[in-house]
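One structure below.
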Amino acid sequence: MEGPFKYIREGNGKVTRVIRMGTRKSQLARIQTDSVAEKLKELYPDLQLEIAAGNVSSLLLFQIGEKSLFTKELENALERNEVDLVVHSLKDLPTSLPPGFTIGAVLQRENPHDAVVLHPKNAGLTLDGLPEKSVIGTSSLRRAAQLKKRFPQLEFENIRGNLNTRLRKLDEKDDYAAIILAAAGLKRMGWETRISQVLGPEDCMYAVGQGALAIEVRARDRDILEMVSILHHPDTVLRCIAERAFLKQLEGGCSVPVAVYTEMKNSVLYLTGAVYSLDGSDCLKETMQTNIELDNKVPESAEENVHVGITANNISQTALDAAERLGVVLAKILLSKGAKDILTTARQLNDAR
C-alpha cells in the first residue's frame with residue numbers, strides 16, 4: 001500500500017490503516033491518552049490498532065518530548081505522518097493552531113476547578129485556617145494573582161515540575177504549607193484523597209480549557225476527523241469555544257493572569273472572564289450570557305466550521321457561532337475598560353523576572 005500512512009495486511013488479504021497516537025512522557029499524559037484510547041476502542045471495536053511500548057491500550061504511543069517542548073514536537077510528528085492524532089490537555093493548546101492542524105474532539109470536561117493539597121502536617125485545614133505567612137506553592141500566574149487578592153495573609157511562591165514532582169516537593173520538605181493543583185489532574189491520577197479543598201469561582205476562577213481533553217489531528221485527514229468527532233461533548237465544546245475566543249481576543253496566554261468561569265443552564269451559556277495584575281491588586285471582571293439555539297445549520301466551507309482551532313461538524317453551527325461571539329464580545333468589553341494595559345504590564349513584569 002503506497003502513501004505516508006501505516007497499514008497492516010490481515011490474513012484474509014484485507015488491508016487496514018493503523019491508527020497511531022502521540023503523547024509525552026509524563027504519567028498524567030499517559031493516563032489521559034489511555035483514557036481516550038479506551039473510548040475509541042469501545043466505539044470502534046473492529047479497528048485495527050497497533051501495540052507498542054508495551055501493552056498500552058492496544059495503541060501505538062510515541063513518547064515525544066517534555067512539557068516545555070511537547071506540543072511542538074507532537075505537531076511535528078503529526079506533520080511527518082508519524083502519528084495520526086495527539087491527546088492534549090486543552091488548556092495547553094494555543095487558541096490559534098498552526099496551519100494544517102485542528103482539534104477534532106473535545107471530551108467531556110472533568111472538574112475544571114483548582115484544588116488545595118496540604119502538607120501532611122496541616123491535614124484538616126483550609127487556606128483560611130493556615131497560619132499567617134504560610135507559603136503556598138503554585139506554578140500558575142493566574143492562580144497566584146487571584147489567591148493573593150483573596151488570601152493576603154498568605155505568601156505565594158513558584159513551584160515547578162509535573163504532578164508527581166510537585167507532590168514530592170510538598171511532602172518531603174517543609175518549604176510549602178500547601179500547593180495548588182488542577183482538581184482534574186489529581187482525579188485522573190487517582191489522588192482525589194489528597195484534595196483538601198476545591199476552590200470555587202469566588203476564590204479562584206480557572207484557566208481557559210482547564211479540565212478538558214482535546215484530540216489534535218491533521219485537518220486534511222477527514223476520516224480521522226470523522227472518527228474522533230463522536231467524542232465531542234457538546235456542552236464542553238461550547239463552553240471551551242467561548243473561553244478560547246475570550247482569550248484569543250485578549251491576546252492573552254500563559255504569561256498573563258487570565259481566568260474564566262463558564263456554565264450552561266437551560267440552553268443559556270454564561271461566561272465570566274477576568275484579567276489580573278500579577279499581584280492581584282488590579283482586576284477587571286465581567287459576566288455575559290447568550291442563548292444557545294440548536295439547529296441543523298451546516299457550514300458553507302471547512303474554514304467556516306473551525307472555531308478557535310476546534311472543528312465540530314456534529315454540533316449546531318448556530319450554537320458554535322454564538323459561543324465564539326460571546327467570548328469575543330466579553331473580551332472587547334474588558335479591553336474597553338483597560339484590560340490591555342493590565343495585561344501588558346503583567347507580561348512585561350513577568351518577562352523581566
Side-chain angles (χ1 to χ4, degrees), residues 89-91 93 95 102-115 142 146 150 182-184 187 198-214 229-252 257-276 283-300 304-337 339:
S89 294
L90 181 58
K91 69 181 179 65
L93 283 177
T95 53
T102 191
I103 297 168
V106 178
L107 284 71
Q108 182 169 5
R109 195 174 210 167
E110 186 54 78
N111 184 342
H113 293 283
D114 291 313
R142 170 191 57 82
Q146 293 181 84
R150 172 66 178 81
K187 182 173 181 180
V198 175
L199 298 171
E202 67 283 354
D203 291 329
C204 189
M205 296 197 301
Y206 42 79
V208 166
Q210 185 162 311
L213 297 182
S229 67
I230 196 171
L231 296 176
H232 269 310
H233 183 256
D235 279 11
T236 301
V237 171
L238 294 170
R239 289 171 62 191
C240 289
I241 283 176
E243 295 170 18
R244 285 170 63 82
F246 173 73
L247 183 63
K248 183 176 182 179
Q249 189 67 33
L250 287 175
E251 297 181 352
V258 175
V260 294
Y261 174 70
T262 50
E263 278 188 298
M264 183 79 78
K265 288 184 179 179
N266 301 319
S267 298
V268 178
L269 176 58
Y270 298 86
L271 169 64
T272 300
V275 299
Y276 299 86
C283 169
L284 285 173
K285 180 178 177 181
E286 294 288 344
T287 300
M288 284 188 66
Q289 65 193 64
T290 189
N291 291 323
I292 295 296
E293 298 179 13
L294 301 176
D295 57 27
N296 295 320
K297 180 184 176 185
V298 295
E300 296 181 2
E304 188 184 70
N305 197 37
V306 180
H307 296 76
V308 281
I310 298 172
T311 299
N313 297 322
N314 53 349
I315 298 176
S316 161
Q317 182 73 17
T318 301
L320 296 169
D321 290 342
E324 184 169 7
R325 188 164 53 249
L326 176 64
V328 170
V329 172
L330 183 60
K332 286 182 176 178
I333 290 173
L334 291 190
L335 288 169
S336 73
K337 295 184 176 183

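Just so it is clear, the model here is predicted, and its values are computed rather than measured.
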Walk me through whether T262 and Y206 qualify under side chain to side chain contact (heavy atoms under 4.5 Å, CB included).
CA-CA 9 Å; T262 50; Y206 42 79; 3.4 Å; yes
The test is side chain to side chain contact (heavy atoms under 4.5 Å, CB included); show your working for I333 and M288 and say whether it passes.
CA-CA 10 Å; I333 290 173; M288 284 188 66; 3.5 Å; yes
Trace of the side chain to side chain contact (heavy atoms under 4.5 Å, CB included) decision for R239 with L269
CA-CA 7 Å; R239 289 171 62 191; L269 176 58; 3.8 Å; yes
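Using modelled atom types, no side-chain atom of T272 and backbone atom of V260 make a donor-acceptor pair closer than 3.5 Å. In this structure a side-chain-to-backbone donor-acceptor pair under 3.5 Å is missing from Q210 to K91. The backbone N or O of A323 lies less than 3.5 Å from no partner atom in the side chain of T290, so there is not a single donor-acceptor pair. No side-chain donor-acceptor contact under 3.5 Å links H233 to the backbone of A105. In terms of modelled atom types and a separation under 3.5 Å, the side chain of D235 and the main chain of M264 share no donor-acceptor contact.
Between C204 and D114, the closest side-chain pair of non-hydrogen atoms falls below 4.5 Å. Put simply, the side chain of H232 reaches to within 4.5 Å of the side chain of I310, judged on heavy atoms. Side-chain contact between R244 and I103 is present, with heavy atoms from C-beta onward closer than 4.5 Å. No side-chain heavy atom of L90 sits under 4.5 Å from any side-chain heavy atom of R109. Contact of the D321 side chain with the H307 side chain is registered, since non-hydrogen atoms from C-beta on lie closer than 4.5 Å.
Nearest approach of G273 to L330, heavy atoms of both residues: N-CD2, 3.6 Å. Nearest heavy atoms, G309 versus T102: O-OG1, 3.3 Å. For A214 against L93, the heavy-atom pair with the smallest separation is CB-CD1, 4.0 Å. Nearest heavy atom pair, residue A259 against residue Y276, reads CB-CE1, 4.0 Å. A184 and G211 get closest at one heavy-atom pair: CB-CA, 3.8 Å. Nearest heavy atom pair, residue A319 against residue I292, reads CB-CG2, 3.6 Å.
Here the OG-CG distance, from S229 to N313, works out to 6.5 Å after rounding to the nearest 0.5 Å. Within the model, atoms CG of L271 and CD1 of I241 stand 12.5 Å from one another, a figure rounded to the nearest 0.5 Å. Distance NZ/K337 to NZ/K285: 13.0 Å, rounded to 0.5 Å. The distance from the OH atom of Y270 to the NZ atom of K265 is 6.5 Å, given to the nearest 0.5 Å. Here T318 contributes atom OG1 and N291 contributes atom CG; the two are 12.5 Å apart, rounded to the nearest 0.5 Å. Here the straight-line distance linking atom CE of M205 with atom CZ of R142 works out to 9.5 Å at 0.5 Å rounding.
Below 30°, between 30° and 60°, or above 60°: for H113 and Y261 the angle between ring planes is between 30° and 60°, a tilted geometry.
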